[in-house]
Undergrad: 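One structure, as structure tokens, below. Some questions next.
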Amino acid sequence: MLTLGIETSCDETSVALLEGENSLRSHLILSQLEHEAFGGVVPELASRAHQKVLLPLLERSLAESGCALSEIGLIGVTVGPGLIGSLLVGICTAKTLALCLDRPLIGVNHVEAHLMANLLLPDPPAPPFVALLVSGGHTLLVEVDRWGEYLILGRSRDDAVGESFDKVAKMLELGYPGGPAIEKAARRGDPSSFAFPRPMLKDPTLDMSFSGLKTAVLYEVEGLRASGAFEGRQADLAASFQAAVVEVLAVKCRRACERSGAKTLVVAGGVARNALLRSSLAAFSARTGVRVIFPPLDLCTDNAGMVARTALFHYSNGRRDSLEVPAFATGSLDWPSAG
Ligand code: KG4
Ligand code: ZN
């Protein structure tokens with residue numbers, strides 16, 4: 001069966017045509033450049049940009065893959081969490097197609113979709129496993145005993161890890177999006193230049209916190225600026241900040257695996273692109289024998305491939321959503337099923 005996936009929850013417009021379980025006949029992702037000048041996503045600009053490009057992107061997807069609209073058997077669309085105006089562009093398009101083509105529609109939880117990106121791998125991870133979900137809006141450690149059933153082991157109590165990358169990048173004047181900018185600058189820096197805190201490492205829970213770390217960077221930047229010593233230190237600040245974040249994530253992942261007895265750790269979300277996080281967890285894997293799985297880079301950030309795969313999962317398990325399925329601005333993995 002051919003599944004159409006549509007993703008418009010934030011600043012990526014994406015369309016995917018998924019054949020069967022893991023063959024992407026087409027997968028197009030357009031990142032909006034409109035926001036660069038503002039140093040962050042401007043919701044109104046995002047929804048207008050989705051509106052402009054979504055249908056042309058769908059047409060291109062069909063043309064390039066040689067598929068016809070009539071071949072689509074199932075439609076999956078992100079319904080939340082995300083920016084409401086942006087979500088509605090994708091949802092209205094998906095509902096219209098579902099109505100006109102008379103095909104089933106599944107509303108997809110974006111956070112679950114990040115995790116289910118791993119189902120697109122040629123050898124997908126089989127539960128039980130522990131998952132680390134790290135994106136611009138979420139930081140979760142989850143125990144997965146069956147796909148579709150999630151036990152939250154820990155979460156960030158304040159900023160999401162991607163959000164802290166974005167905010168620190170802004171402080172360091174490195175531009176937007178912050179994660180890749182910090183990673184790039186950090187390559188030229190010394191991670192031991194600044195002794196930033198490793199928040200909540202001594203806390204016995206698997207919860208995390210990143211806002212204090214962000215504030216520690218802010219104070220350091222203010223001090224350096226006041227003494228005229230800020231210029232030229234961005235790379236060292238970026239490397240020291242990145243090292244602190246990755247150490248916290250790696251330690252919490254190790255503890256989550258130890259406590260649950262999991263032999264597999266699955267990582268997902270935009271921050272899973274980070275090379276230091278990847279190498280640090282690869283070293284953990286080599287030390288302990290825990291299998292660590294990351295999706296390929298293009299399946300980490302927002303994409304419609306993961307949305308199509310999540311829709312197919314729920315459809316195959318009997319779920320059917322009505323054309324009334326609403327958009328959700330907030331929520332997480334434990335957010336109620338859209339069905
Ligand atoms: O999953 P995603 O594309 O969108 C959300 O659902 O939020 O994640 C975007 C987040 C942004 O905060 C971005 O700065 C971060 O992922 N990110 C990275 C890297 N690439 C993207 N963070 C650290 N290192 C990266 N290489
Ligand atoms: Zn996302």
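Along the sequence shown, the residues carry numbers beginning at 1. Whatever order the structure lists ligands and atoms in, that order sets their numbers, starting from 1. What's counted below: heavy atoms across the whole structure, side chains too, no hydrogens, waters or symmetry copies.
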Undergrad: Inspect the contact between Arg225 and Glu222 and indicate whether a charged nitrogen and a carboxylate oxygen are less than 4.0 angstrom apart.
TA: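 No, this pair does not count.
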Undergrad: Below 4.0 angstrom from a heavy atom of Thr301, which ligand 1 atoms are there? Numbered from 1 as shown, please.
TA: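 So the answer, numbered in order with elements, is 3 (O).
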Undergrad: Using a 4.0 Å cutoff against the non-hydrogen atoms of Gly136, which atoms of ligand 1 qualify?
TA: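 Those qualifying, in numeric order: 5 (C), 7 (O), 8 (O), 9 (C), 10 (C), 12 (O).
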Undergrad: Please state which protein non-hydrogen atom is closest to atom 13 (C) of ligand 1 and give its distance, to 0.1 Å?
TA: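 Residue, atom and distance for the closest contact: Asp166 OD1, 3.8 Å.
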Undergrad: Is ligand 1 under 4.0 Å from a heavy atom in the side chain of Glu12, in the backbone, in both, or in neither?
TA: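 Looking at Glu12 and ligand 1, no heavy atom falls under 4.0 Å.
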Undergrad: Among Leu55, Leu62, Leu4, which residue satisfies the side chain to side chain contact (heavy atoms under 4.5 Å, CB included) criterion with Val15?
TA: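 In the set Leu55, Leu62, Leu4, the residue that makes a side chain to side chain contact (heavy atoms under 4.5 Å, CB included) with Val15 is Leu4.
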Undergrad: How large, to 10°, is the angle at the Zn ion (ligand 2) when you draw lines to NE2 on His114 and to NE2 on His110?
TA: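 Result: 100°, to 10°.
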Undergrad: Do Arg254's NZ or CZ and the ring of Phe284 fall within the cation-pi criteria of under 6.0 Å and 45°?
TA: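 Pair Arg254/Phe284 does not count as cation-pi.
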Undergrad: Note the single closest protein heavy atom to atom 24 (N) of ligand 1, along with its residue, its atom name and the distance in Å.
TA: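 For atom 24 (N) of ligand 1, the nearest protein heavy atom comes out as Asn274 ND2, 3.0 Å.
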Undergrad: Counting only heavy atoms not in Asp102, do more than 12 sit closer than 6.0 Å to its CG atom?
TA: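 Count not over threshold, so no.
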Undergrad: To the nearest 0.1 Å, how far is atom 4 (O) of ligand 1 from its closest protein heavy atom, and which atom is that?
TA: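 Result for atom 4 (O) of ligand 1: Asp302 OD1, 3.1 Å.
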Undergrad: Need the ligand 1 atom indices (1-based, order shown) with element for anything under 4.0 Å from a heavy-atom of His110.
TA: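 Within the 4.0 Å cut-off of His110, ligand 1 contributes 6 (O).
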Undergrad: Within a distance under 4.0 Å of any heavy atom of Gly137, pick out the atoms of ligand 1 and give their elements.
TA: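 Here the atoms of ligand 1 in question are 7 (O).
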Undergrad: Given the rule that I, L, V, M, F, W and Y join up when any side-chain heavy atoms are under 4.5 Å apart, are Met306 and Val267 in one cluster?
TA: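 Different hydrophobic clusters.
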Undergrad: Give the minimum heavy-atom separation between Ala46 and Val41, together with the two atoms involved.
TA: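 Answer, listing the atom of Ala46 first, then Val41: CB-CG1, 4.1 Å.
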Undergrad: Output the list of atoms in ligand 1 that are nearer than 4.0 Å to some heavy atom of Pro180, sorted by atom number.
TA: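 Ligand 1 atoms under the 4.0 Å threshold to Pro180: 19 (C), 20 (N), 21 (C), 25 (C).
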Undergrad: Counting each atom of ligand 1 from 1 as listed, which ones have a heavy atom of Gly162 under 4.0 Å away?
TA: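 Ligand 1 atoms under the 4.0 Å threshold to Gly162: 12 (O).
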Undergrad: State whether the shortest distance between N or O atoms of Gly270 and N or O atoms of ligand 1 falls below 3.5 angstrom.
TA: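 Min N/O separation from ligand 1 is below 3.5 Å for Gly270.
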Undergrad: Check whether any side-chain heavy atom of Lys263 lies under 4.5 Å from a side-chain heavy atom of Phe129, and answer yes or no.
TA: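 A side-chain contact is absent here, since even the closest heavy-atom pair is not under 4.5 Å.
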Undergrad: Can you tell whether the side chains of Lys214 and Asp159 come within less than 4.0 Å, N to carboxylate O?
TA: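 Salt bridge flag = yes for Asp159 with Lys214.
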Undergrad: Give me the atom names and distance for the closest heavy-atom approach of Gly178 to Ala169.
TA: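 The pair with the smallest heavy-atom distance is CA-CB, 3.3 Å.
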Undergrad: Among Val271, Leu133, Val41, which one puts a heavy atom closest to atom 15 (C) of ligand 1?
TA: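 It is Val271 that holds the nearest heavy atom.
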Undergrad: Quick check: of its N, O or S atoms, which one does Asp302 have closest to the Zn ion (ligand 2)?
TA: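 Nearest N/O/S atom: OD1.
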Undergrad: Short N/O distance, under 3.5 Å, between Gly179 and ligand 1?
TA: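 Yes, since at least one N or O of Gly179 sits under 3.5 Å from an N or O of ligand 1.
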Undergrad: Can you label the angle between the His110 ring and the His114 ring as parallel, tilted or perpendicular, going by 30° and 60°?
TA: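 Geometry flag for His114 against His110: perpendicular rings.
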Undergrad: Run the numbers for me: atoms of ligand 1, each under 4.0 Å from some heavy atom of Glu183, listed by number.
TA: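 So the answer, numbered in order with elements, is 24 (N), 25 (C), 26 (N).
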